[in-house]
Structures are given as C-alpha cells and as structure tokens.
Amino acid sequence: MPLRLYNTLGNKVEEFAPSDDNLVRMYCCGPTVYDYGHIGNFRTFVAVDVLRRHLLQSGRKLRHVMNITDVDDRIIERSAAQHITVRQYTEKFEQAFFDDMALLAIHKPEVIARATDNIPEMARLIEGLAQKGIAYRADDGSYYFRIARFPGYGKLSRKDLAHIEDGARVDSDRFDKEEIRDFALWKAPKPGEARWQTEIGEGRPGWHIECSAMAMKYLGPSFDLHAGGEDLMFPHHENEIAQSEAFTGQTFARFWFHVRFLLVEGQKMSKSVGNFFTVRDLVLKGHKPSSLRFLLAGAPYRKQLNFTFDGLKSASSSVERLRNFKLRLEAPLPPGRNPAMQQLAQDTQRLMAAALDDDLNAAEFSAAIFEMVRQANTAADSGQLFAEDAPPLLAALAQFDHIFDVMEDRDAAFTARVVEWARRERPDVEISEAALQLAASASVGDGEIEKLVAEHVAARKARNFFRSDAIRNELASRNIVLENMKDGTVRWRRK
RNA sequence: GGCGCGGUAGCCAAGUGGUAAGGCCGAGGUCUGCAAAACCUCUAUCGUGAGUUCGAUUCUCACCCGCGCCUCCA
C-alpha cells in the first residue's frame, strides 16, 4: 500500500514516493543549540522520527539530513556575555540535544550538519544569487534577497505579498533593504561579534541560507521531502525555497511536512506563562522518558497536541499495559496453537501498516495494538492462548515498537543520568521523590532482587504472609513489583 | 485585518452518508491469603441553528467558542 502524506505545498494529502529508486532523501530543520530543548521542539523531532521509522519499515532506503543551527543572534549574544567562542558555547547544548534525543528514542539522521561547518557553501550560494541579480549587497557588506525577482514567492505559505508589506514590523535592517520584505542572506559583522571570512566578505550567515546550502549539498538541488515545525513555514521555509529555486531553477523539495505546535495545558508554551518545560524538567519531576515518547508519538502530527500532566500519566499507564502484555507472552504457555490468535496477529499487523500509510495515523496505529492486547489477554485468561501463538503476537508487538519504541525499559537508567546531570549542573533545581526513587532503582541489581524474591517465595510457602508481604513492600518501595501467579511462581518487574 | 486548524463520553482521541475505534481515570464484578496483573459489565446521539438527502456526527451555509501562523518561537 502506498504511503499518503499531507503536503503543505498544495495543502492536500498526496501519495508519497521517492523520485529516485527507493531512496528517500529528506531534510529536517534541526535545533538551534542556544539552550536545552523543550518538549515542543521534541514533538517535531519525534514526529519526524515516526516518519523515518515508517519509511524504513516500509522497505525504503533513507538519506535524512538534519542541520544544527549553531550560530544565531541568541548564541552570539550569550557566548559574548560569557566571553567564550560560539563553538564553546554551543557544544554543550549540542551534546545535550543528542542526549535528549536518546532519552526520547529518536534515531539519529544519516547526516547531521552544523551551520558553522558549512559557511563556504553558503557564501558560494549567495555569490551565485548575486551574479544572477537576485541578491544584492548593501553598503555595510550585508547581502539581501530581492524578493521581487522571485515570482513564486509565497507559494508555500500562500501569503499575499501586499499584506506582508502592510503588516511587517519595521526592523533595524530596513534602511539597507530595497524593500521591507527582502530578507538577509548574509549579515555584515558588528563590533565584537563572531564572524567568518569568506569570498563574499566578512560576516555571518542569515538564518535561512544554511538550510538551502546544506540541503542541496547533501541531497542535491531537488529532493523528496522537507520537514519542520509549523512556525517555520513562514518565513523560514518560504525563504529557503526562494533562495534555492532562484539559484538552481529546479524544484527544491517536492513534499513539505509540517508538524503542528504543542500546547501545554491548553496554552502556548512560554516562559512567562510558566508552562515551559524541557525534557529534563519532566524527568526530574519523576515522569518517565517512555511516557513522553508515547504521548508525543501517539498524537497525530497535524493536530495541535495539548500536553497535560494527566495525559503524561495516562501514557505511562498505557506503556505499562503493553510491557505487562509482553511479559505475559514471554512467560511459559501451554503447548499448542489457537488459529484465532494467529489470525489476530496477522490482522493487527495489516491494520498498523495501513494506519501509518494513511498520513501517519498514529491513533489508529496504536488502537490496533491495544485491540490485539485485549483479545489476546482474554484468550489467555480463558486458557485459549498457547505457546505457538506467542511468536506471531510478539511479531506484531515488535512491529508496533519499531515505531513507538517504548517496550524496552530504559527509564530508570535515563532518569539516573538526568538526576546526576541536575546535581552537577543545576543544583538549584528541585528533584522529585519519584525521580530519585526511579533513578535509585537503576542500580538495584537483578541478583539482589532475585534473592529477596526467593525469600518471599519461601515465606509464602510457609504461609508466613507477614514476612512475604514485608518483602513485597520493601521491593515496592524500590520500584520493583512482585506478582504472585496462580501456579505459585512469582514474576517481578520494574515499575 | 489576512491565512489556516479544531470543537466527539470525566480526560486524551480515531472515524464514517446508514444510528460512534482505542487509551486513561472511575464504579461494580471475576480471579486471589492479601496485593499485582488480567478479564467482564457500566458511562456519548458527535458545539448551535438551518439546508441537501430516504437517512448526517460525517456534505453545504450561518453563528458561537477555542487555537495557531502572519515577529530568526519546533
């Protein structure tokens, strides 16, 4: 079944296929590494991760490029304030970004490109535009893009150019521009600012040029898909199109994939409202990374996602349910097979694939797996689930997890890492009891648990329930759950 | 003002011209020494009004409400 995706360019769902063999070439606007990433940033990256995982699972080859914006006004300002170089300032946040990606199980793109590593490419692009008369140099050495020379301007965001002029706030560069709507390709250096020496002079790149230069460097003048947050549609992506297409005369990206904003408790996230959260903030409050991953991955990427703490708790319960189901399948089952279960697993796999092919319908995708879980649990409760049924059901579960990636429990270890980071770097930030407990459980060894479990079993056998319950409570306080099975055996798991 | 999105059970949320997936929470029940897990049962006529239609939550129009972009914020 073909993949159908919503294309912002044209505003409709279209069939998506790579133009070149089976190789999908895609570009995703990455982070500006001026601070720790917030959950809104990661909503976009999780959505793109779901897309990339689905493409791979559908048998596509992938060349996915993501930029790291490691120079912009904020970075220049802050690094100057701390009297360190731009690179010294950004490397810490770049590393933090990758750590947070790992926390949320976001796979790394094939190519990660830093803006500051590609300045010559940008300069060449600007020079080419200048030679065509599309870019012009201002008196101070800055370069601007002459929008009047690019007739297609506004096709992505469907802007009425007249209104841009009307509504545009007058910015400080305006006296150098021929027209207010023209945008900066290259900024002449100001005293004390970071600068690069290039063939078009000294200075630093404008924001948009990096993506044009790097996308074309790694993917060619024309490629399959370009992704980013919805706010980037205008002006960033519009300007990327203008720069690139004016330069090459070819279509820049065929598909534009935009992820809608995340709201927090019904409101746009902002520091002044006090509803601004980084991934680390949530972990330190005791929420599991897998809960956040589940929440973000499960929401349709084209709808506003209202992030709430209730929702996060709900996600946590859902993940626990799935993990419990997997444990049940991995435990010994009576010999035999149930054709209905075989059929169920097969149907579920088909439904999941179809759901994602339908513009990444994550809600239907996860509904399919939960339906399977319920039916299989029902069968198991009535003794109708057998050893030979486990592999196909596990295969369906694996197909689910190839996309969501929440089954493996890395929560305690990740939390321990974040707690350690907070103690080192952010001693002022409060660490919740829940986070501490979860982090501590990471260092409780299996051997130690097994020993207590054995003691618990012995006590129960002797009908010393006082003792056995005490052990169970003791383990519970360390985030270990004991479950006494019907046959007298005990199963334990980390909560 | 321009452009766009959404209003479905307590919360999150899918979906279809023929009387509503899934998850979470809650209540009751089964199982159980107690827990845990799991299962079963219960909880919606789909923002309001009008129109099209044999029939609309799903199509059209109007209205109300919420939200986003139009500011180098994902």
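A note on names: the letters A, B, ... follow the listed sequences, proteins ahead of strands, and every chain is numbered from 1.
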- Query: Which nucleotide in the set B:A74, B:G4, B:U71 lies at the smallest distance from any side-chain heavy atom of A:Phe234?
  - Reply: B:U71
- Message: Taking 4.0 Å as the cut-off, does a side-chain nitrogen or oxygen of A:Ser316 come that near to OP1 or OP2 on B:C24?
- Response: no
- Task: Round to a whole Å and report the spacing from NZ of A:Lys268 to P of B:C5.
- Result: 18 Å
- Tell me whether the centres of the aromatic rings in A:Phe294 and A:Phe404 are closer together than 6.0 Å. yes
- Message: Can you measure A:Met233 atom CE to B:C5 atom P for me and round it to whole angstrom units?
- Response: 10 Å
- Item | Single hit among A:Phe183, A:Trp186, A:Phe252 for ring-ring contact (aromatic ring centres under 6.0 Å, His included) with A:His208 | A:Phe183
- Base, sugar-phosphate, or nothing for A:His38, non-hydrogen atoms under 4.0 angstrom? base
- Query: Hey, does A:Val259 reach any base, or is it just sugar-phosphate, or nothing, if we go heavy atoms under 4.0 Å?
  - Reply: nothing
- Task: Write down the distance between CG (A:Asn239) and C1' (B:U71), rounded to a whole number of angstrom.
- Result: 13 Å
- Note on the structure: For B:C69, the nucleotide meeting Watson-Crick or G-U wobble distances (both under 3.5 Å) is B:G2
- Over how many whole Å does the gap from A:Gln267 atom CD to B:C65 atom P extend? 18 Å
- Message: Heavy-atom nearest nucleotide on RNA chain B for A:Asp358 versus A:Gly266: which residue maps closer to 5'?
- Response: A:Asp358
- Message: Counting the atoms with a prime plus P, OP1 and OP2 as sugar-phosphate, which does A:Gly40 contact under 4.0 Å by heavy atoms, base, sugar-phosphate, or nothing?
- Response: base
- Value in whole Å for how far the C1' atom of B:G66 lies from CG of A:Leu263: 10 Å
- So, are A:Arg52 and A:Glu110 salt-bridged, with charged N and O less than 4.0 Å apart? yes
- Message: With a 6.0 Å cut-off on the ring centroids, do A:Tyr36 and A:Phe93 count as close?
- Response: yes
- Note on the structure: Those residues at least two apart in sequence (or on a different chain) that pass side-chain hydrogen bond (donor to acceptor under 3.5 Å, both in side chains) with A:Arg328 are A:Asn377, A:Asp381
- Message: Which label fits A:Tyr153 and A:Phe234: parallel for a plane angle under 30°, tilted from 30 to 60°, or perpendicular past 60°?
- Response: perpendicular
- Query: What is the pairing partner of B:U16, taking Watson-Crick or G-U wobble pairs with both distances under 3.5 Å in any strand?
  - Reply: none
- Any A:Asn361 side-chain nitrogen or oxygen under 4.0 Å from OP1 or OP2 of B:G15: yes
- Base, sugar-phosphate, or nothing for A:Leu327, non-hydrogen atoms under 4.0 angstrom? nothing
- Message: I'd like to know whether A:Asp401 forms a salt bridge (charged side-chain N to carboxylate O under 4.0 Å, His left out) with A:Arg53, so could you lay out the CA-CA distance, the side-chain angles of the two residues, the decisive distance to 0.1 Å, and finally the verdict.
- Response: CA-CA 10 Å; A:Asp401 207 44; A:Arg53 284 165 179 258; over 6 Å; no
- Query: Quick one: does A:Glu364's side chain get under 4.5 Å of A:Leu351's, heavy atoms only?
  - Reply: no
- Message: With the threshold set at under 4.0 Å for non-hydrogen atoms, list the residues of residues 288-304 of chain A touching RNA chain B in residue-number order.
- Response: A:Pro300, A:Lys303, A:Gln304
- Task: Find out whether the Lys NZ or Arg CZ of A:Lys108 is both under 6.0 angstrom from the six-membered ring centre of A:Phe98 and within 45° of the ring's axis.
- Result: yes
- Watson-Crick or G-U wobble mate for B:C39, both contacts under 3.5 Å: B:G29
- Query: Would you say the side chains of A:Asp70 and A:Tyr34 form a donor-acceptor pair under 3.5 Å?
  - Reply: no
- Item | Strand contacts (RNA chain B) in residues 364-382 of chain A, 4.0 angstrom heavy-atom criterion | A:Glu364, A:Ala367, A:Phe370, A:Glu371, A:Arg374, A:Asn377, A:Thr378, A:Asp381
- On a heavy-atom basis, the closest approach of A:Ala353 and A:His54 is O-CE1, 4.1 Å
- Message: Could you tell me how far apart A:Arg321 (CZ) and B:A36 (C1') are, to the nearest whole angstrom?
- Response: 15 Å
Give me, pair by pair, the N or O atoms of the protein and of nucleotides 31-33 of chain B that are less than 3.5 Å apart, along with how far apart they are.
| unit_1 | atom_1 | unit_2 | atom_2 | d |
| --- | --- | --- | --- | --- |
| B:G33 | N7 | A:Arg460 | NH2 | 3.3 |
| B:G33 | O6 | A:Arg460 | NE | 2.8 |
| B:G33 | N1 | A:Asp469 | OD1 | 3.2 |
| B:G33 | N2 | A:Asp469 | OD2 | 2.7 |

- Message: Any strand counts, and the cut-off is 3.5 Å on both contacts for Watson-Crick or G-U wobble. Which nucleotide pairs with B:C59?
- Response: B:G51
- Message: Any side-chain N or O of A:Arg158 below 4.0 angstrom from OP1/OP2 of B:C70?
- Response: no
- Message: Please classify the nucleic acid contact of A:Arg323 as base, sugar-phosphate, or nothing, using heavy-atom distances under 4.0 Å.
- Response: nothing
- Query: When the ring centroid of A:Phe307 is compared with that of A:Phe261, is the distance short of 6.0 Å?
  - Reply: no
- Whole angstrom value for the distance that separates P of B:G23 from CE of A:Met352: 15 Å
- Note on the structure: Against the side chain of A:Ser314, the closest entry in B:A37, B:G23, B:A14 is B:G23
- Any chance CD of A:Glu77 has more than 12 other-residue heavy atoms, nucleotides or ligands included, within less than 6.0 Å? no
- Query: Please give, in whole Å, the distance from B:C12 P to A:Leu305 CG?
  - Reply: 11 Å
- Ionic contact status for A:Asp281 with A:Lys285, cut-off 4.0 Å: no
- Query: Taking only residues two or more places apart in sequence, or in another chain, which ones meet A:Ser244 in a side-chain hydrogen bond (donor to acceptor under 3.5 Å, both in side chains)?
  - Reply: A:Ser212
- Message: Here's a test for you: under side-chain hydrogen bond (donor to acceptor under 3.5 Å, both in side chains), which of A:Gln437, A:Lys495, A:Arg493 qualifies with A:Asn479?
- Response: A:Gln437
- Message: I need the residues from residues 92-104 of chain A with at least one non-hydrogen atom less than 4.0 Å from RNA chain B; give them sorted by number, or say none.
- Response: none
- Under a 3.5 Å limit on both distances, the Watson-Crick or wobble mate of B:G10 is B:C24
- Message: With a 3.5 Å limit on both atom pairs, tell me what B:A44 is paired to, counting Watson-Crick and G-U wobble, or say none.
- Response: none
